[in-house]
Amino acid sequence: KDPYWPVERSGQLSIYFQPFTLWSLSDNNYCLAICVAPNGLSCNDGRGGEFADCAVNPFVRTPFGNVMPMQRNTLQLTYPARMDEIPVERFGEAHLLEVSELKLPQ
């Protein structure tokens with residue numbers, strides 16, 4: 001939470017689940033992320049909602065990903081393109097991303 005390095009619009013956040021060989025987050029490459037803004041600010045995605053792009057990918061991407069299934073152990077989130085920037089005087093606050101529809105391994 002550094003006021004001089006804020007999360008920017010369309011900023012990407014990647015989360016890597018380790019050990020890589022154990023995690024396989026989803027069979028269908030689907031997750032849902034909703035941006036929750038601090039009071040008085042917006043997480044507008046430009047389409048009338050507050051959705052953030054969410055994808056589940058393999059750690060190693062190859063052109064054969066559709067032919068040979070690989071473990072999907074990376075979660076990639078993209079903040080909305082039109083979310084409000086948090087003013088410097090409110091640097092202790094943050095846009096939160098709520099992730100759902102993600103299938104964790106059993």
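Note that the structure is a prediction, hence the values are computed from the model and not measured.
With rounding to the nearest 0.5 angstrom, the CG atom of Asn73 is 7.5 Å from the OG atom of Ser24.
Within the structure, side-chain hydrogen bond (donor to acceptor under 3.5 Å, both in side chains) pairs that include any residue of residues 79-91 comprise Arg90-Glu93 (at least two apart or interchain).
Contact between Gln18 and Trp23 at its shortest, heavy atoms only, is O-NE1, 3.0 Å.
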Residues 32-54, side-chain donor-acceptor partners within the protein, below 3.5 Å, at least two apart:
residue: Ser42; atom: OG; partner: Asn44; partner atom: N; Å: 3.0
residue: Asn44; atom: OD1; partner: Gly46; partner atom: N; Å: 2.6
residue: Asp45; atom: OD1; partner: Arg47; partner atom: N; Å: 2.8
residue: Asp45; atom: OD1; partner: Gly48; partner atom: N; Å: 3.4
residue: Asp45; atom: OD1; partner: Gly49; partner atom: N; Å: 3.1
residue: Asp45; atom: OD2; partner: Arg47; partner atom: NH2; Å: 3.4
residue: Asp45; atom: OD2; partner: Phe51; partner atom: N; Å: 3.3

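At a threshold of 4.5 Å between non-hydrogen side-chain atoms, the residues Val7 and His95 do not count as touching.
Grouping the Ile, Leu, Val, Met, Phe, Trp and Tyr side chains by contacts below 4.5 angstrom, directly or via other members, places Ile86 apart from Leu77. Leu96 and Met83 are members of different hydrophobic clusters when ILVMFWY side chains are connected at heavy-atom separations under 4.5 Å.
Not counting sequence neighbours, Glu98 has no partner by the side chain to side chain donor-acceptor pair (under 3.5 Å) test.
Below 30°, between 30° and 60°, or above 60°: for Tyr16 and Phe59 the angle between ring planes is above 60°, a perpendicular geometry.
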